[in-house]
Amino acid sequence: MRILFVSSEVFPFAKTGGLADVSASLPRALQAIGHQVNVLMPAYRGVLAAAQPLGVRLRHATEIDGHGLRLFESRLPGSRNKLWLLDCPALFDRAGNPYHNESGHDWPDNPVRFALLCRVAALLACDAFGLGWQADVLHCNDWQTGLVPLLLHEQAARPAVVFTIHNLAYQGLFPESAFHALRLPARHWHPDALEFHGQMSFIKGGIVFADRVTTVSPTYAAEIRTAAFGCGLEGLLQHRSAVLSGILNGIDTSVWNPLRDPALAQGFGATSLTEKRVNKRAIQSELGLAEDADSVLLGSIGRLAEQKGVDLIAGALPALLRGGAQFVLLGSGDSRYEQALAELSLAFPGRVALRLGYDEGLAHRIEAGADIFLMPSRFEPCGLNQMYSLRYGTLPVVHGVGGLADTVVDACEASMKDGSATGFVFHEPSAAALGECALRAITLWRENPEAWARMQVRGMRTDFSWRASARAYEDLYAAALAQLHAARCA
Ligand code: ADP
């Protein structure tokens with residue numbers, strides 16, 4: 001199949017979260033099993049320099065909605081996947097991140113920026129630019145691509161359209177005026193289309209009009225049909241149940257390989273677990289923590305957002321630190337949480353290392369050096385860090401929701417007996433429940449190193465690669481295409 005994969009972020013060129021990792025690794029995995037997967041993303045500032053395009057596909061400045069644009073062609077690093085970069089300097093060549101400026105304020109023209117990405121994706125997939133390549137399947141990701149299914153669904157000759165929700169909490173909501181400014185057909189200003197309680201919703205375009213809607217874990221696919229996790233879209237998602245499914249994300253096992261990870265002080269694997277200690281000492285030294293093998297080192301990495309339960313960590317930590325634990329957190333985001341964590345590091349000097357910012361290498365070293373990884377997300381569509389932790393022999397303590405529930409097996413009596421345990425799961429999103437669960441983990445780490453090592457090996461040997469999930473997407477694409485053909489012939 002020829003697949004066009006559209007995403008607002010692709011690692012290593014632009015990344016604010018797991019979407020970028022998925023957008024780099026799923027297209028590669030699909031290409032590896034015989035498909036031709038071209039990826040489209042915006043050329044944000046610095047991307048053209050980093051991606052070193054091999055050429056320009058749209059030589060003459062083409063104009064869409066009054067925006068001059070060019071299309072550059074490159075490759076996903078180390079792959080045969082074509083990477084198409086949508087260059088429109090007026091909209092994308094800016095300081096800041098893909099969605100907001102350097103002070104964290106959303107770009108006011110985000111609807112225009114991502115509507116352009118959607119229009120170009122829809123045109124490219126149908127070869128409207130005359131590049132001699134037409135997609136069988138167009139795979140869209142998150143709200144930034146939500147208008148693509150809407151733009152295509154009434155078109156006679158079109159690819160099958162798949163829309164993946166990586167996080168339902170981000171919906172691309174804008175004032176009604178944005179809808180009118182985009183000159184979309186007036187009939188789409190309706191609760192059955194893009195209107196959501198008086199606002200324009202990009203994500204609804206994807207959910208309502210795609211041939212298949214997926215999300216990134218089976219448990220999250222079930223959760224989002226309920227009021228607790230549906231962010232107001234649960235009714236629509238229930239209505240779309242027949243085409244809605246969950247496919248667990250994989251991880252890039254070459255980027256996240258503890259045996260051959262250039263960021264680490266020392267490579268290690270399931271048969272050389274003792275070498276992990278070298279990484280613990282190295283990260284303690286790097287962070288200014290006491291180089292003490294007997295202090296359990298807790299780690300956490302991620303966006304400082306309500307979703308991630310940072311407040312639960314801040315609430316549970318004092319007791320754990322008083323009990324002798326060390327803690328490192330790498331992340332950035334909401335200043336409320338940065339403040340709470342800064343206070344904690346002042347209260348426990350030498351026991352807490354707080355690194356605010358984004359640092360890929362440090363993320364690898366924390367995964368390798370920590371003993372336990374804390375991931376108390378209130379909701380978690382899939383989550384990648386718990387899988388990185390499992391692969392690096394760092395046992396995760398997680399809230400049992402979404403992809404966390406699908407990837408971590410709690411160390412209960414039965415799972416310890418049959419050898420399936422890989423981590424620690426709690427069920428109430430509270431600091432007390434997290435603290436209790438972390439204490440359960442720390443106690444096992446202290447008192448039963450053999451059982452701990454068995455769990456580490458089990459986690460390190462679990463297959464989190466894209467192999468199985470790429471096959472699941474392949475089946476889904478084939479089913480969507482077959483249905484489209486059947487509808488056309490009817
Ligand atoms: P989400 O997509 O909700 O942010 P995920 O766990 O799915 O959460 O993916 C987050 C990705 O971003 C992981 O690859 C993680 O290592 C990375 N990450 C998040 N924050 C940072 C940071 N401050 N420094 C380095 N990597 C980070």
Side-chain angles (χ1 to χ4, degrees), residues 4-8 19 110-111 114-123 125-126 135 137-216 220-227 229-247 381 473 476-477 479-481 483-484 486-488:
L4 179 61
F5 191 96
V6 196
S7 176
S8 59
L19 171 62
N110 273 345
F114 293 107
L116 183 74
L117 176 66
C118 292
R119 286 198 203 278
V120 170
L123 292 166
C126 301
V137 176
L138 177 40
H139 190 155
C140 313
N141 297 278
D142 272 352
W143 73 260
Q144 296 84 355
T145 61
L147 299 186
V148 177
L150 172 139
L151 292 170
L152 284 175
H153 97 288
E154 283 171 357
Q155 205 158 298
R158 67 165 177 88
V161 183
V162 174
F163 182 74
T164 297
I165 301 167
H166 295 260
N167 192 337
L168 189 62
Y170 300 93
Q171 302 185 355
L173 292 177
F174 302 101
E176 182 180 350
S177 55
F179 173 85
H180 299 299
L182 291 175
R183 296 172 193 276
L184 292 162
R187 66 181 180 285
H188 293 317
W189 185 253
H190 190 278
D192 288 342
L194 296 188
E195 186 187 348
F196 183 68
H197 302 292
Q199 289 189 287
M200 176 192 182
S201 162
F202 267 58
I203 204 170
K204 279 190 73 184
I207 298 172
V208 173
F209 294 105
D211 298 305
R212 289 287 185 284
V213 180
T214 72
T215 184
V216 288
Y220 192 59
E223 287 170 345
I224 56 177
R225 284 171 244 208
T226 67
F229 294 91
C231 305
L233 290 168
E234 57 275 12
L236 172 61
L237 289 160
Q238 280 163 24
H239 176 68
R240 297 287 282 153
S241 273
V243 296
L244 170 63
S245 61
I247 299 176
Y473 276 107
L476 184 102
Y477 296 156
L481 258 180
Q483 193 181 323
L484 190 67
R488 233 172 250 155

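Computed from a prediction, not measured in an experiment: that's the story for all the values here. Positions are given from 1, in the same order as the sequence printed here.
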**Message:** If we ignore hydrogens and angles and just use 3.5 Å, is the side chain of Gln171 paired with the main-chain N or O of Cys231 as donor and acceptor?
**Reply:** yes

**Message:** Within the 4.5 Å heavy-atom criterion, are Leu4 and Pro159 side-chain neighbours or not?
**Reply:** no

**Request:** Evaluate the side-chain proximity of Leu152 to Cys126: yes if any heavy-atom separation is below 4.5 Å, no if none is.
**Result:** yes

Side-chain polar contacts of residues 190-203 - donor-acceptor pairs under 3.5 angstrom, sequence neighbours left out - could you list them?
| from | atom 1 | to | atom 2 | distance (Å) |
| --- | --- | --- | --- | --- |
| His190 | ND1 | Asp192 | N | 2.9 |
| Ser201 | OG | Lys204 | N | 3.1 |

**Check: Tyr220 side chain, Leu168 main-chain N or O, donor-acceptor pair, under 3.5 Å** = yes

**Asked** If you look only at pairs with a residue in residues 146-166, which of them pass as a ring-ring contact (aromatic ring centres under 6.0 Å, His included), with sequence neighbours excluded?
**Response** His153-Phe209

**Prompt:** Hey, does Ile224 have a side-chain heavy atom less than 4.5 Å from the side chain of Leu233?
**Reply:** no

**Item:** Sequence-distant partners of Arg183, salt bridge (charged side-chain N to carboxylate O under 4.0 Å, His left out), two or more places apart
**Value:** none

**Request:** Could I get the full list of salt bridge (charged side-chain N to carboxylate O under 4.0 Å, His left out) partners for Asp142, not counting sequence neighbours?
**Result:** none

**Request:** Apply side chain to side chain donor-acceptor pair (under 3.5 Å) to Ser8 and list each qualifying residue two or more places apart in sequence or on a separate chain.
**Result:** Tyr99

**Asked** Counting N and O atoms only, with roles assigned by atom type, does the side chain of Arg240 sit under 3.5 Å from a partner on the main chain of Ala210, one being a donor and the other an acceptor?
**Response** yes

**Prompt:** So which of Ile247, Leu19, Ile165, Thr164 actually passes side chain to side chain contact (heavy atoms under 4.5 Å, CB included) with Val216?
**Reply:** Thr164

**Message:** As a quick check of understanding, evaluate ring pair (Phe, Tyr, Trp, His ring centres under 6.0 Å) for Tyr477 and His139, giving each step before the final call.
**Reply:** CA-CA 9 Å; Tyr477 296 156; His139 190 155; 5.6 Å; yes

**Request:** For Ser241, enumerate each residue passing the side chain to side chain donor-acceptor pair (under 3.5 Å) test, keeping only those at least two apart in sequence or located in another chain.
**Result:** Arg225

